[in-house]
Student: 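Following this message is one structure expressed as structure tokens.
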Number of protein chains: 2
Amino acid sequence: MEADNSRTEEYLESIYKLQQEQHPVSTSRLAEHLKLSAPSVSEMVKKLTGKGLVFHSEKGVCLTDDGKSLAKKVIRRHRLSERLLTDILGYKWDEVHDEACKLEHAISPEMEDRIAESLGNPKTCPHGHPIPDKEGNLVKEKVKPLSELKAREKGIIVNVFEEDPNMLKYLASLGMLPDVCVKVEEIAPFGGPLIVCVAGSRYALGREVASKIKVK
Amino acid sequence: MEADNSRTEEYLESIYKLQQEQHPVSTSRLAEHLKLSAPSVSEMVKKLTGKGLVFHSEKGVCLTDDGKSLAKKVIRRHRLSERLLTDILGYKWDEVHDEACKLEHAISPEMEDRIAESLGNPKTCPHGHPIPDKEGNLVKEKVKPLSELKAREKGIIVNVFEEDPNMLKYLASLGMLPDVCVKVEEIAPFGGPLIVCVAGSRYALGREVASKIKVK
DNA sequence: TCATAATATTAGGTATACCTAATCAAAAAA
DNA sequence: TTTTTTGATTAGGTATACCTAATATTATGA
Ligand SMILES: [Mn+2]
Ligand SMILES: [Mn+2]
Ligand SMILES: [Mn+2]
Ligand SMILES: [Mn+2]
């Protein structure tokens, strides 16, 4: 019978994403992201180790080459799903994450190809993240968080590292979407907000939020 | 946590389909269709009974009103998925069944609506079967098997009660698709084939195959 | 009617993936 | 350095959905 790898895929996907923040991923961070208990994750990580998909370093869990390869396949399916949802079915960018997170496990390689083709082989998901190609290559643009720009500096939004629908909805309402130009007018002291200018309007943006927005 | 009803959905879907052939569905027939052992099905049917989705009559398993309602939801998602695959992603009618059978469990009510709308609220799947509406209403056309037509009688193909890709591929190669007109030229005796005329060409069609093709 | 065959269910077991409570180990604080 | 806190794992358990082998039930047909 055909195995159901959806849990394995979900773990690898999470590990891949979390390692972008800090390299070896801790059990607790992974458990938090997957909304599972630490022992559950601990146990599953052991199984993934047995399958040669992850290994344990000093500081935490790392993906093996096989694990990385599978993770990128899942991420490709996830991001293509998001594009299908926005470009063809008319979803907003804040509505697609959870749907795509289920769809990604129900998509065959055949279907993945067809979606990519039908969409004209898109390079990024609606949040600006690169879609790995069939071989697992993905182009990471050199970016920095909006929060690191200095006063009077400009940047173009590349992507938004955030999956919370409310946050995304909020950002969309300010017009802060990929490819949009943002200027930091001034930076309030003592960890205060950034005053940014987007399409002629000025907004005060918290540091936390600004750090999720990556610009070039 | 959100429950995974995919197995429940798969059982109800099968029961619904099989009961169209013969009303109360036997455990063995169900096991065969689901490609599972009889004891597995026996056990699962007991669980479905506990959930109030099916009940046991003399002759076999029947859907309760709740069961029928859920089954029709699954079938709606299945058939909309098939249409998405053919109409938007360019699949052939013989390639969609298995893909749709996985997709149908990963589609939210929200997404179901969006697919239906994007496709212009189609009335049937690529095989000619009606797509139940949101409320579970579905229009069954009055049809009979092609095998019951008499010599020289004509009919229009309404649907094909078959999910085997090879059979569907074969029928498509003869141009035998929904809405196509077929004329039975003659019927060979002793259970022999039907000689049919489709779009000017004549073909010999086995009785078994002809009984799967429903015409009006 | 009685034996045979088909169907359904029970019994007992496996794999997967989750949980809480308890324990162990490492890091940070006192 | 000893204590406390945080983090990870072990121990023991549950739910779900599958399996094979054995048994029971129902039909069929000789
Ligand atoms: Mn996911
Ligand atoms: Mn995305
Ligand atoms: Mn199905
Ligand atoms: Mn169909």
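Sequence lines set the chain letters: A, B, ... in the order given, protein chains first and strands last, and positions in each chain run from 1.
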Student: Roughly, in whole Å, what's the span from NZ in Lys59(B) to C1' in dA6(C)?
Tutor: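 Rounding to the nearest Å, NZ of Lys59(B) and C1' of dA6(C) are 14 Å apart.
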Student: Tell me the interatomic distance from Asp4(A), atom CG, to dT16(C), atom C1', rounded to whole angstroms.
Tutor: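 These atoms are roughly 10 Å apart.
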Student: Does anything in residues 87-103 of chain B form a salt bridge (charged side-chain N to carboxylate O under 4.0 Å, His left out)? List the pairs, not counting sequence neighbours.
Tutor: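 Output for this query lists Arg114(A)-Glu95(B), Arg83(B)-Asp87(B).
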Student: With salt bridge (charged side-chain N to carboxylate O under 4.0 Å, His left out) as the rule and sequence neighbours excluded, what pairs involving residues 122-141 of chain B come up?
Tutor: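 For residues 122-141 of chain B, and leaving out neighbouring residues, the salt bridge (charged side-chain N to carboxylate O under 4.0 Å, His left out) pairs sorted by first residue read Glu112(B)-Lys134(B), Asp113(B)-Lys134(B), Glu141(B)-Lys216(B).
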Student: Closer than 4.0 Å, any side-chain N/O of Tyr11(B) to the OP1 or OP2 of dT16(D)?
Tutor: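 The answer is no; no side-chain N or O of Tyr11(B) sits under 4.0 Å from OP1 or OP2.
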Student: Any chance the side chains of Thr64(A) and Asp66(A) put a donor and an acceptor closer than 3.5 Å?
Tutor: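 Their side chains do not contain a donor-acceptor pair, so the 3.5 Å distance test is not met.
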Student: So, His105(B) and Glu10(B): side-chain donor and acceptor under 3.5 Å apart, yes or no?
Tutor: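 Looking only at side-chain atoms, Glu10(B) and His105(B) do form a donor-acceptor pair, the distance falling under 3.5 Å.
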Student: What is the separation between atom CG on Leu36(A) and atom C1' on dA8(D), rounded to the nearest whole Å?
Tutor: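 Value for this atom pair: 15 Å.
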Student: Please check the phosphate of dC18(D) (OP1 and OP2 only) for any side-chain N or O of Arg7(B) closer than 4.0 Å.
Tutor: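 Affirmative; the distance criterion is met.
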Student: Rounded to the nearest angstrom, tell me the gap between atom CG in Leu30(A) and atom P in dT9(D).
Tutor: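 After rounding, the reported distance stands at 11 Å.
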Student: Output the distance between atom CG (Leu146(B)) and atom CD1 (Ile157(B)), rounded to the nearest 0.5 Å.
Tutor: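 That separation rounds to 7.0 Å.
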Student: Does Glu162(B) reach the side chain of Leu171(B), with side-chain heavy atoms less than 4.5 Å apart?
Tutor: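 Answer no - side chains too far apart.
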Student: Listed in order of residue number, which residues of residues 37-58 of chain B have a non-hydrogen atom at under 4.0 Å from DNA chain C?
Tutor: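 The answer is Ala38(B), Pro39(B), Ser42(B), Lys46(B), His56(B).
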Student: In whole Å, what is the span from the CD atom of Glu9(B) to the P atom of dT16(D)?
Tutor: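 So the two atoms are 16 Å apart, to the nearest Å.
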